[in-house]
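Heads up, the thing below is written out as structure tokens.
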Amino acid sequence: MNASLSWMHGSPSCLLAGLALVSGPATSEDPDMRELLRAVAERISESEFQGDAAVQALAEKLAALDPEDPSRERGDILYALGFAELNLGLEENAIGHLEEAHALLPDDAPAAQRAELLRALAVASLRRAETQNCCQFNNPDSCIVPLQGNAIHTRPAGSTAAIGYLTELLDVLPAGHPEYHLAQWLLNLTHMTLDRYPDDVPEEHRIDPARFESELDFPRFRNVSQELGLDTFSLAGGVVVDDLDGDGDFDVLTSSHDVEHEPRLFLNEGADGFRECREAAGLGGLCGGLNMVQADYDDDGRVDVLVLRGAWLEEDGLHPNSLLRNENGADGRLTFRDVTFAEGLGTEHYPTQAGAWADYDNDGDLDLFVGNESTHSLDAPCQLFRNDGPGREGAPRFVDVAAAARVENREYTKGVAWGDYDADGDPDLFLSNFLKDNRLYRNDGEGTFRDVAYELGVNHPRPSYPAWFWDYDNDGALDLFVSYYAHPPGRVAAYYLGASDDLPRTWRCGFYRNRGDGTFENLAEEVGLDRPMSPMGCNYGDLNNDGYLDFYLGTGGPDFASVVPNLMFLNRDGKRFADVTMSAGFGHLQKGHAVAFADLDHDGDQDVFQQMGGAYEGDRYHDALFRNPGFDRRWIGVKLVGATSNRSAIGARIAVTAKGPDGVRTVYRHVGSGGSFGANPLEQHVGLGKAERIVRLVVTWPTTGKEQVFEDLPLDRRVVITEGSDAPEIRSSR
């Protein structure tokens with residue numbers, strides 16, 4: 001059965017983008033987006049990772065065989081069929097066929113063959129346990145490790161079966177096998193689901209309970225998504241949190257790469273909670289999208305959204321992205337209209353999930369970079385869309401200048417981040433490339449870029465995934481975080497088991513501190529981040545309002561066995577990071593994708609939203625919203641409105657100097673939506689610790705480089721600063 005290993009471990013190409021139906025009529029010059037995307041959906045629905053085509057084909061092969069035939073061919077088909085059914089969420093059928101395949105194994109079958117089937121049966125049984133408990137009876141404790149309280153399964157059959165298969169698997173696997181630690185990890189977790197950990201776990205496989213403790217105590221964040229109606233049940237997707245309807249509070253827009261899943265828009269109505277708005281906003285039928293990023297690209301004062309599609313699908317991923325113009329009317333009714341072709345973004349379709357906005361040419365409007373995925377069989381150059389403004393009537397706004405700018409990349413791009421790392425006044429571009437060297441394109445200010453990644457030592461890790469620029473140590477210079485993705489779940493499991501890890505440093509995350517002169521040093525080990533992580537979705541924010549940026553990593557992989565905790569790291573005064581995952585309640589075991597930090601209830605601290613779900617049809621889960629318990633510290637919210645600069649003020653720098661009992665300090669923020677997989681609000685939340693007053697706030701605008709200085713602003717308020725204005729608008733905290 002070695003030929004069927006790909007069914008066991010999953011494949012990156014399983015991440016699907018999908019169908020999109022646009023709102024609003026196309027112009028006579030534009031292609032019919034509805035028809036175009038319907039064709040995409042029909043093609044994808046018969047692919048290996050969507051629909052039931054694989055199940056049907058294997059079932060027909062099985063039916064053609066003699067039911068009494070105990071041949072290896074029958075066993076192979078049963079095994080493949082079982083995994084195909086698990087992918088679709090047909091767990092009972094999958095387990096039945098896998099059990100039948102297992103029964104056909106002769107007594108002298110190779111150990112590796114027996115181990116494959118035992119692993120498959122254990123994983124299918126565990127997924128059945130998750131479906132019958134965590135999915136069907138989701139509650140705030142569900143899947144938060146260490147499992148306790150209402151996270152304990154009330155339907156034990158799946159976990160009980162999984163324990164039997166995992167115990168047998170550990171008897172078959174040699175201790176040095178790559179799957180051994182994973183089987184131990186899953187055995188401990190499965191006992192935990194039945195409230196039988198640690199006592200009932202055999203001592204030789206037991207994880208020390210101390211491994212499920214954080215290195216420091218931290219207040220617990222409670223998952224309140226179900227209470228607020230934000231617990232969308234879906235596959236992997238994206239999230240944008242921002243003020244989409246212009247009423248002053250933050251709304252939530254989520255997507256899924258599922259071809260039958262429409263975007264979900266939840267409007268924030270303050271004390272009344274969230275109200276879902278779908279058809280009225282023009283989003284009915286607009287399915288698909290693994291990631292989204294927002295900006296006011298046309299400077300009309302409304303936040304627009306770009307939906308990114310086709311990631312991981314290679315030749316099957318030639319999907320159009322969608323640029324959704326926000327046309328919120330005077331009556332306050334929020335409406336999106338797809339203007340992809342009209343604005344010039346629909347000329348070429350490539351698989352992607354990575355994109356970011358910036359004014360790279362400093363002409364006052366926002367440009368767009370889309371990082372596409374090239375493979376040996378598909379040439380998919382990245383795209384740099386220069387914003388030329390509305391121009392003449394009917395002319396497209398955006399023109400692809402990637403070739404002339406020398407940023408086509410032509411690699412498997414998984415992360416895109418803009419940031420002026422060398423402080424020369426124009427944004428530079430970092431690209432995270434899966435399995436290849438990463439690139440840092442230095443902006444020369446004349447419309448072209450030069451790759452200096454190797455020169456500056458930021459070309460690793462490989463393979464990498466999400467990445468971002470940020471100022472983690474508050475020295476005013478942009479640092480760079482680059483994640484390492486391809487840790488198999490067994491390596492992450494080995495970490496929790498305390499096993500040694502001999503992974504080369506060049507294959508660990510890149511935590512690059514900017515020395516202040518435009519050069520970098522990798523401090524991953526020094527700051528406590530030299531460990532396996534496997535992040536997909538991610539973002540950063542300030543959990544405890546101390547002024548230092550923390551970050552959350554959504555972990556996992558396509559494999560159903562990739563059941564590992566998502567990770568929260570607390571910034572300790574810009575010197576190191578502490579893992580507070582367990583104590584703070586962030587150790588969610590389901591697949592974590594897009595992440596956003598935002599003060600959704602306007603109580604002065606940032607909550608954390610996470611879009612959840614896996615790649616395969618049978619790996620859905622509920623989104624999570626972790627409510628901040630509060631830290632009794634000071635803060636200010638800063639919304640910038642560009643006039644000469646782009647209206648969103650992306651690329652602006654904010655420096656807040658505050659005085660407190662420990663003296664005077666300055667906290668820096670750079671305007672953007674945060675990490676490369678998940679979008680924070682563009683309004684910046686600045687924690688100020690124990691500050692007693694704000695001495696000054698300085699804004700450096702991106703287009704002109706001019707500074708505006710404001711003194712003695714109030715604490716614990718939101719302010720709106722318009723470029724060139726004499727004074728900010730002061731808003732209440734709520």
Side-chain angles (χ1 to χ4, degrees), residues 242-243 246 248 295-297 299-303 357-367 418-428 443 445 469-471 474-478 516 542 547 549 599 634-660 664-674 680-689 691-733:
D242 216 313
D243 184 8
D296 181 3
Y297 81 90
D299 290 336
D300 66 353
R302 296 183 287 266
V303 178
W357 299 92
D359 183 6
Y360 85 92
D361 52 2
N362 272 339
D363 65 352
D365 52 29
L366 283 173
D367 313 296
W418 290 99
D420 184 10
Y421 80 91
D422 54 1
D424 65 351
D426 46 41
D428 309 296
N443 191 336
F469 283 106
W470 63 342
D471 184 2
N474 274 327
D475 65 354
L478 279 175
D542 185 355
L549 292 170
D599 185 4
R634 316 310 293 271
W635 59 276
I636 187 171
V638 184
K639 178 180 179 179
L640 299 183
V641 180
T644 302
S645 301
N646 69 88
R647 178 90 178 215
S648 295
I650 290 174
R653 188 177 80 158
I654 300 167
V656 183
T657 301
K659 185 177 181 180
V664 177
R665 62 182 293 218
T666 300
V667 177
Y668 296 92
R669 293 291 180 268
H670 294 74
V671 177
S673 59
N680 294 340
L682 295 174
E683 177 180 318
Q684 297 299 296
H685 182 97
V686 185
L688 296 172
E692 296 166 344
R693 73 181 184 94
I694 295 175
V695 177
R696 73 180 62 86
L697 185 152
V698 181
V699 178
T700 305
W701 295 96
T703 296
T704 64
K706 292 182 179 179
E707 292 185 351
Q708 283 186 266
V709 181
F710 304 92
E711 298 182 345
D712 293 317
L713 294 177
L715 288 161
D716 305 337
R717 292 292 184 270
R718 300 168 67 200
V719 302
V720 180
I721 298 174
T722 300
E723 186 174 11
S725 64
D726 294 330
E729 172 192 346
I730 308 297
R731 295 181 175 177
S732 66
S733 60

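In this structure, D726 CG and Q708 CD are separated by 8.5 Å, a value rounded to the nearest 0.5 Å. Atom CZ of R647 sits about 14.5 Å away from atom OH of Y297, to the nearest 0.5 Å. From H685, atom NE2 reaches atom CG of N680 across 11.5 Å, with rounding to the nearest 0.5 Å. Interatomic distance, CD of E692 versus CG of L715, reported as 9.5 Å (0.5 Å rounding). Here K639 contributes atom NZ and D242 contributes atom CG; the two are 8.0 Å apart, rounded to the nearest 0.5 Å. Going from atom NE2 of H670 over to atom CG of L478 covers 4.0 Å, rounded to the nearest 0.5 Å.
Here the side chains of P702 and I650 are not in contact, with every heavy-atom distance at 4.5 Å or above. The shortest side-chain heavy-atom distance between N646 and D365 does not fall under the 4.5 Å cut-off.
In terms of heavy atoms, D299 sits closest to D296 at N-OD1, 3.0 Å. Residues W701 and A649 come closest through the heavy atom pair CZ3-CB, 3.9 Å. Nearest approach of T703 to N362, heavy atoms of both residues: CG2-O, 3.5 Å. Taking all atoms of both residues into account, the shortest heavy-atom contact from I636 to P714 is CD1-O, 4.0 Å. Closest approach of P427 and Y360 over heavy atoms only: CG-CA, 3.6 Å. Between N443 and D428 the shortest heavy-atom distance is N-OD1, 2.8 Å.
For S673, the side chain to side chain contact (heavy atoms under 4.5 Å, CB included) partners two or more places apart in sequence, or in a different chain, are Q294, A679, L682.
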Discussion item. Checking N474 against R669 for the side-chain contact (heavy atoms from CB on, under 4.5 Å) test, could you report, in this order, the C-alpha distance in whole Å, the side-chain angles of both residues, the deciding distance, and whether it holds?
Written reply: CA-CA 8 Å; N474 274 327; R669 293 291 180 268; 4.0 Å; yes
Practice prompt. Please test V671 against Q684 for side-chain contact (heavy atoms from CB on, under 4.5 Å), starting from the C-alpha separation and ending with a verdict.
Written response: CA-CA 7 Å; V671 177; Q684 297 299 296; 4.0 Å; yes
Worksheet entry | side-chain contact (heavy atoms from CB on, under 4.5 Å) assessment of D712 paired with I694 | CA-CA 5 Å; D712 293 317; I694 295 175; over 6 Å; no
Item to complete: Under the side-chain contact (heavy atoms from CB on, under 4.5 Å) rule, what do L549 and D471 come out as? Steps first, then yes or no, please.
Response: CA-CA 8 Å; L549 292 170; D471 184 2; 5.6 Å; no
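At least one donor-acceptor pair closer than 3.5 Å links the side chain of D243 to the backbone N or O of G248.
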